Amino acid sequence: MTSANTPVRLQAVAAPDQPEVTPALESLYEGFKEELLVPLWTEIGDLMPPYPRSRAVAHLWRWDRLRQLAAQAGELVPVGRGGERRAIALANPSLGGRPFATPTLWAAIQYLMPGEDAPEHRHTQHAFRFVVEGEGVWTVVNGDPVPMNRGDFLPQAGWNWHAHHNATREPMAWIDGLDIPFQYNNESQFFEFGRDQIGEAERITPERSRSEQLWAHPGLRPVSVTDAGAGSPLLAYKWEHTDRALADQLDLDHQGFPGVVEPGHAAVRYADPMTGGDVLPTIRAEMHRVTTGTQTAPVRETGSSVYQVFDGSGSVTVGEHTWSVVRGDLFVVPSWQPFSVRSESGATDSDSGALDLFRFSDAPMFEALRLNRVITEGLDR
Ligand code: GTQ
Ligand code: FE2
């Protein structure tokens, strides 16, 4: 992917720290070219920079427009075997037109018309769904139907069978996050078709999935399960729990309880109830609530994130860009670019009076490889 964008430097050059260009030097570089060899000294500035220079750029996608186009696709493009999903991905403008939001992360709006089915399949890519509006779709994971409603987060680790169905009379949109670019670039993908139709027993609209019955009780895990496999066994994190956790954190903040919550900024991370760690091997997900008038300190981190505004409005600053954002808008924070947010007007849906931001990132990979770095001060680069 880089080679197309990388300027050709493979020739003898006259530079202060380089030998004089002689026929012998030119023939040395010719030899490199012929034998497909590249010396480090012409590449080092690009290959080994002093700090991350992201290829991805900061970019914002407006939800209004995404939803409009997804609705048009709903009218014009069928969903079925082969294409698999009516999912439309964010393509970072500096990643060569590929459907990659960041070098590691896929983010897409997915759309299902009333009564439609997206056929069963499985793949090594780790995935999740997050619902910013609507209700009535359920996703069937290994035969367990899981309902999806506004604010719900549904992780879905790789190699589990899954299909989606819209059981209502209304179209429904949601966002998908996957590690497709990471697995594409690292050549680890496998994919299989499942059943064309899911079974009748799986076609009932459930109130709660079996996975939630087993796993959705805070601090409690079933004794019988000793190995839940890769990724969270809890297939839906319901909004009421997330909302309450954030409200309780801000309540502690208002009480002046020290050191637990950054003033005016509550945040929770979706955690695997088996391990307490991230919900997926490659993807971290969080929900942030910033009270009106609060401005967060700029943070730089290695690794990339995608945010979606869940509620409220405000302005976000990523590197040189500042955007006003409203519900549903999605934006990318590339590696090592400073990010901060200012909450401007409160949620319209609840009385939290805050800006709620859903975030996902590739942090688990960076942590596993010990490449994670975060700074909140000294933004001098
Ligand atoms: O819903 O199974 O956005 O397999 C991309 C690939 C969604 C899905 C995407 C997928 C899915
Ligand atoms: Fe899938």
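All values derive from a computational prediction rather than experimental measurement. We number each residue from 1, following the sequence as shown. One-based numbering, in listed order, for ligands and for the atoms of each.
- For H162, the N/O/S atom at the shortest distance from the Fe ion (ligand 2) is named NE2.
- Atom NE2 is the N/O/S atom of H121 found closest to the Fe ion (ligand 2).
- D278 meets the side chain to side chain donor-acceptor pair (under 3.5 Å) test with R284; sequence neighbours excluded.
- Protein residues having at least one heavy atom under 4.0 Å from any atom of ligand 1 are R85, A87, W106, A108, Q110, H121, H123, R129, H162, H164, D176, L178, listed by chain and number.
- Shown here for E20 and L25, the closest heavy-atom pair between the two residues is O-CD2, 3.6 Å.
- Centroid-to-centroid, the aromatic rings of F191 and H121 come within less than 6.0 Å.
- Here the two rings, on H59 and W61, have centers that are under 6.0 Å apart.
- Aromatic ring centres of F310 and W239: separated by under 6.0 Å.
- The two atoms that bring L90 and L66 nearest to each other are CD2-CD2, 4.1 Å, heavy atoms only.
- Nearest approach of R85 to P119, heavy atoms of both residues: NH1-O, 2.7 Å.
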